[in-house]
Amino acid sequence: MMLPDQIADLITTATRKAQKKGDLPRFQLPSVSVNRPKRPEQGDWSCALPLQIVRDVNEALKARDAGKLSPVQIGEIIVRRLPDNPYLERVEVVKPGFINMFLSPEWLAAQAGEIVARGADYYRLDKGQGKRVQVEFVSANPTGPLHFGGARNAAIGDTIARLLENNGYRVQREYYINDRGTQMDIFGETLWRRYQQLHGIEVSIPEQGYPGAYMIEYARKVQAQYGDSLLSLSDEEAIPKFRKLGLEIVTAELADDLAQMQVHFDNWFSESSLYEDGTFDHVAAILRENGDLYVKDDAVWFRASKYLPKSDRDEVFIRSNGEPGYYASDVAYHYNKFVTRGFDWVINVWAVDHQNQAARMPAMLKALGIDPDRLTIVLYDLVTLKRGGKEVKISKRSGELITMREVLDEVGSDAARFLLLSHSNEARIDFDIELAVAQNSENPVYYVQYAHARVSSILRKAAAQGLEPDDAELNLLTHPTELALLHKMLQLPEVVNDAIDRLAPHHLPHYALELAKTFTKFYDACRVLSDDPADAALSRARLTLVKATQITLAYLLHLMGMNAPESM
RNA sequence: GCCCCAGUAGCUCAGUGGACAGAGCACCGGACUUCUAAUCCGAUGGUCGCAGGUUCGAAUCCUGCCUGGGGUGCCA
């Protein structure tokens, strides 16, 4: 259980006891929460319960004509019943009715030893309790290299997966490959034409095809493997063949690009497999039996309005040309996720231009008898690429960077991930390449990594002197910056908990910056190593704190998919 | 038209019911024979888009409006 929950429990217990003993009248208590006040004089933890219950208290007292209590008086009554506990050294009740609590420095200092003893496990929560969750992300159409916008999707999705897998969930990362439909046919045809062109055949690529130079590269890869042996194929034979070959090339390239960002998928799921293994026919049968399908304008429609009371809008299931639409694939796909594979929870990470699609997902789930709460769609806004404040046009012809690989090659994965994660999902990002590359104080990425490098350097130097972390005399840790650093480290589970509850990974980089700042203040104020043997005990205690900081920073960087450098 | 998101310090952004609204950058003034100065300390800086409402308490919740972005039935 997290520290704030434990402290809130103390308040709850004390209040119930006060009721039982007759100090306070009986009524239904609200759930108690505590928060970290901004001002140090208001304590390490604060609780506003007296203000929240003053009305209930006085109404109950009035009923038996027993006078009135002020919030401060209520607070004092509660505090008198506070159970013995190791955390709190001092508790104050102040106007207008806050209970301010101060952590025991001894208990706080002892946590440094706990962190060193248990490592990152000290911070891990069992939020998931073994639940199976799938995070589906990126899932860009496999018709070319990843656009830089995909990097934000990758950073968000992968970080959510990391948050979950470190806190009690069994996580699968999945990439959904849209490997059927009109776009793929045109892609296959373009590749086929490029291949023919490489062999001197004068053909032109399709009108709505893929003009990018990368298609010529793909054709060269086909040529390298097959030579001219495919030239004899007819268009009817060649297009499916090249669609398949192209898909293999692109998929390998996507995996490669994503690996550059420390992103690895457990499963690449083929859309067309849903049609080959009968899933699509099966869900169509379910919907038909329930009377959820009807024909209009030569198309088959899904009666979505039946399941979404606020909407009168239905969805095209099978288009008038006989081809299932994307919504039909989504129905089959989600049936596969929830029923066939039985995930407890599914998270889809989508760009904000799919917002409408996201709003229509619950209808299909209800129609399939699946609890809509088992699906969460994380929507994020787009990224504008800039260089020195000027927008980089998303145009191949400009010659400017646009693919994810090109940006990563220039700014590096760590900086890209950190900067892409720093904004809330709903916020648009202006990603300035110049700023991202800058290895100076303007760039917060390096401030955080630098703190880890410093910590590592101290531990190295100490080891060379024969000094190791030792928790025998941790009560020597009394300096305000030492206690502040410990208090900040203890905040990590709260940050993680919040990030998971809201699927908002941007809390991690912000906290990382705060933690690095808090460490650097300690570093500035407190010398760890010393030439004087008389300081050895304090050095060992501080080394424990430094080691705990290293563990914490490394875990935090790991959650963000970043490296924790030992030196810079 | 309708739906979604955003509007907080000069800039980039945190903060989704608690106390006097925060950070980074920029700007100004200090600190270096450093366990890595990619540093630290201090100062300046805000009618939280606007107007109502709910509440002991609102940047946060509700209603309306303004501005910007996105979406809006056979593309995905």
Side-chain angles (χ1 to χ4, degrees), chain A residues 33 35 37-39 41-42 46-48 50-52 54-55 71 94-98 100 139-141 176 178 181-183 208 271 296-302 304 310-321 323-330 350-360 379-382 384 389 419 422-430 432 435 438-451 453-462 465 502 504 506-507 509-511 513-514 517 520-521 523-530 539 542-543 546 567-568:
Chain A
S33 66
N35 63 301
K38 290 167 195 137
R39 299 169 185 284
E41 67 270 20
Q42 294 171 346
S46 178
C47 180
L51 290 162
Q52 287 157 0
V54 62
R55 170 183 293 211
V94 299
K95 281 201 279 192
F98 291 101
N100 292 339
S139 298
N141 280 343
Y176 179 55
N178 299 110
T182 328
Q183 289 306 307
Q208 300 295 318
E271 179 186 3
K296 189 180 87 180
D297 302 334
D298 295 331
V300 178
W301 294 71
F302 165 62
K310 277 186 280 185
S311 162
D312 57 359
R313 179 178 156 159
D314 293 337
E315 304 297 332
V316 171
F317 195 71
I318 298 174
R319 293 190 270 156
S320 48
N321 66 3
E323 286 291 317
Y326 67 89
Y327 193 83
S329 287
D330 272 354
W350 289 352
V352 71
D353 53 338
H354 291 70
Q355 57 178 256
N356 217 33
Q357 191 183 350
R360 291 177 280 159
L379 291 175
Y380 65 92
D381 214 314
L382 304 173
T384 307
L419 295 172
S422 302
H423 301 67
S424 61
N425 296 335
E426 304 80 29
R428 262 169 292 163
I429 298 184
D430 287 338
D432 196 312
L435 207 74
Q439 306 214 349
N440 58 30
S441 59
E442 283 185 56
N443 196 333
V445 180
Y446 299 104
Y447 185 85
V448 176
Q449 291 188 316
Y450 191 65
R454 266 182 165 165
V455 159
S456 304
S457 171
I458 295 172
L459 291 168
R460 266 198 310 274
K461 275 227 159 71
Q465 293 180 17
R502 291 156 63 174
H506 73 278
H507 290 114
H510 283 274
Y511 170 76
L513 220 45
E514 288 174 19
K517 178 92 181 168
T520 309
K521 283 186 181 189
Y523 172 87
D524 194 61
C526 297
R527 180 127 192 130
V528 177
L529 304 176
S530 165
S539 282
R542 283 183 173 163
L543 277 172
V546 169
S567 63
M568 286 174 75

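Per chain, numbering begins at 1; letters A, B, ... match sequence-line order.
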Student: Name the nucleic acid region contacted by Asp381(A), choosing base, sugar-phosphate or nothing; use a 4.0 angstrom heavy-atom cut-off, strictly under.
Tutor: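 Result for Asp381(A) = nothing.
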Student: Atom CG of Leu419(A) to atom C1' of C25(B): distance rounded to whole Å?
Tutor: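 So the CG-C1' distance, Leu419(A) to C25(B), works out to 13 Å.
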Student: Separation of Glu426(A) atom CD from G69(B) atom P, in whole Å?
Tutor: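 Rounding to the nearest Å, CD of Glu426(A) and P of G69(B) are 19 Å apart.
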Student: Answer with base, sugar-phosphate or nothing: what part of the nucleic acid does His506(A) contact at a heavy-atom distance below 4.0 Å?
Tutor: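 Since only primed, P, OP1 and OP2 atoms lie under 4.0 Å of His506(A), the category is sugar-phosphate.
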Student: Heavy atoms from C-beta onward define the side chain here; which of G70(B), A14(B), A38(B) lies closest to that of Ser424(A)?
Tutor: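 That would be A14(B).
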Student: How is the base pairing of RNA chain B summarised as a dot-bracket string, given the Watson-Crick and G-U wobble criteria with both distances under 3.5 Å, [ ] for crossing and | for another strand?
Tutor: ((((((((.[[[[.)..(...]]]]..((((.......))))......[[[[[..)....]]]]])))))))....
Student: What nucleic acid atoms does Phe317(A) come within less than 4.0 Å of, heavy atoms only: base, sugar-phosphate, or nothing?
Tutor: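 Since no nucleic acid heavy atom lies under 4.0 Å of Phe317(A), the category is nothing.
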Student: For Val54(A), report the nucleic acid contact type (base, sugar-phosphate, nothing); a contact means any heavy atom under 4.0 Å.
Tutor: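 Nothing, no nucleic acid heavy atom in range.
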Student: Using whole Å, what does the distance between atom C1' of nucleotide A38(B) and atom CZ of Arg454(A) come to?
Tutor: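 Between C1' of A38(B) and CZ of Arg454(A): 8 Å.
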Student: Asp430(A) or Glu271(A): which one's nearest nucleotide on RNA chain B is closer to the 5' end?
Tutor: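 This one resolves to Asp430(A).
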Student: Starting from P on C5(B), measure out to CG on Leu382(A) and report it in whole angstrom.
Tutor: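 The distance from CG of Leu382(A) to P of C5(B) comes to 16 Å, rounded to the nearest Å.
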Student: Would you mind classifying the nucleic acid contact of Asp432(A) as base, sugar-phosphate or nothing, using non-hydrogen atoms under 4.0 angstrom?
Tutor: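 Since no nucleic acid heavy atom lies under 4.0 Å of Asp432(A), the category is nothing.
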Student: Whole Å only: how far is the CD1 atom of Ile458(A) from the P atom of U39(B)?
Tutor: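 One finds 16 Å between P of U39(B) and CD1 of Ile458(A), rounded.
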Student: The side chain of Phe98(A) lies closest to which of these nucleotides: A14(B), C40(B), G18(B)?
Tutor: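 Nearest listed nucleotide: G18(B).
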Student: Which one, C40(B), C20(B), G73(B), comes nearest to the side chain of Arg313(A)?
Tutor: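 Between C40(B), C20(B), G73(B), the one nearest the side chain of Arg313(A) would be G73(B).
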Student: Rounded to whole Å, please give me the gap between OH in Tyr446(A) and P in U39(B).
Tutor: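 Going from Tyr446(A) (OH) to U39(B) (P), I get 13 Å.
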Student: His510(A) vs His506(A) aromatic rings, parallel, tilted or perpendicular, using cut-offs 30° and 60°?
Tutor: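 His510(A) and His506(A): perpendicular rings.
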Student: Do the side-chain N or O atoms of Arg319(A) get closer than 4.0 angstrom to the phosphate oxygens (OP1, OP2) of A76(B)?
Tutor: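 So the side chain of Arg319(A) is within the cut-off, an N or O lying under 4.0 Å from OP1 or OP2 of A76(B).
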Student: Are any non-hydrogen side-chain atoms of Val94(A) and Glu41(A) less than 4.5 angstrom apart?
Tutor: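 In short, these two side chains do not touch, never coming nearer than 4.5 Å.
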Student: Any base atoms under 4.0 Å from Val546(A), or only sugar-phosphate, or nothing? Heavy atoms, all strands.
Tutor: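 The residue Val546(A) makes no contact with any strand.
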Student: How about Gln465(A): does its CD atom have over 12 heavy atoms from other parts shown lying under 6.0 Å from it?
Tutor: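 Buried by this count: over 12 neighbours within 6.0 Å.
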Student: For Trp301(A) and G73(B), are the ring centres under 5.5 Å apart with planes inclined under 30°?
Tutor: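 Here Trp301(A) fails the 5.5 Å or the 30° condition.
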